[in-house]
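To keep things clear, I will list the structure first and then write my remarks on it.
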Amino acid sequence: MNIDIKNLEEQDIKALVHSLELVSARLFESVITLNQTACSNTPEMQDMFHQWISCLGEEVVDIIEEKGTFDPAELAQKIGVTPATIISLAFSLHRQGRIKIMGITAEPSDGGNQEICGCLK
């Protein structure tokens, strides 16, 4: 659903209301999820999270040791996370001294924010 801010008066008000409902619902869901996560942030949960991050990190380190390089999108699909998560993890491993990032290969993108839920696009 595309809404042109410049011509709001010409657009279907129902489409605008529906779009605002989706945004509000997504924000509300995020607040609830954040609250639930914060409320359950016990030492055991923190330990489990660190173990999960460690497992993901070991996967990246193993691939670097074996091949010297990796494709974030390919690895993300294999593990079941987003490419942004893999890239963040690689930067974290670099800061920890576990890997050394020697360069970054990139190409132009479609300009869309990769972190935004598809329901808001």
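Here the structure is a predicted model, which means the values were calculated and not measured. FYI, side chains are in, hydrogens and waters are out, and symmetry mates aren't considered; it's all heavy atoms of this structure. Heads up: numbering here begins at 1 and tracks the sequence.
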(message) Treating Thr85 as the side-chain partner and Val81 as the backbone partner, does any N or O pair qualify as donor plus acceptor under 3.5 Å?
(response) no
(message) Rounded to the nearest 0.5 Å, what separates atom CD1 in Ile79 from atom CG in Leu89?
(response) 8.0 Å
(message) When you group the ILVMFWY residues by side-chain heavy-atom contacts below 4.5 Å and let the links chain together, are Phe28 and Leu20 in the same group?
(response) no
(message) Listing request: all salt bridge (Lys or Arg N to Asp or Glu O under 4.0 Å) pairs with a residue in residues 85-98, at least two apart in sequence or in separate chains.
(response) Glu58-Arg98
(message) Under 4.5 Å between side-chain heavy atoms, counting indirect links through other Ile/Leu/Val/Met/Phe/Trp/Tyr residues: same cluster for Leu93 and Ile104 or not?
(response) yes
(request) Given side chain to side chain contact (heavy atoms under 4.5 Å, CB included), test Leu22 with Arg26 step by step and report yes or no. (result) CA-CA 6 Å; Leu22 289 175; Arg26 182 71 178 171; over 6 Å; no
(message) Can you pull out every side-chain hydrogen bond (donor to acceptor under 3.5 Å, both in side chains) where at least one residue sits in residues 42-53? Sequence neighbours excluded, please.
(response) Asn41-Gln46, Thr42-Glu44, Asp47-Gln51
Using residues 61-78 as the side-chain source, report each donor-acceptor pair under 3.5 Å to any protein atom, sequence neighbours left out, with the distance given to one decimal.
unit_1, atom_1, unit_2, atom_2, d
Asp71, OD1, Ala73, N, 3.1
Lys78, NZ, Glu59, OE2, 3.0

(message) Does either side chain, that of Gln96 or that of Ser92, offer a donor lying less than 3.5 Å from an acceptor on the other one?
(response) yes
(message) Under 4.5 Å between side-chain heavy atoms, counting indirect links through other Ile/Leu/Val/Met/Phe/Trp/Tyr residues: same cluster for Leu34 and Phe49 or not?
(response) no
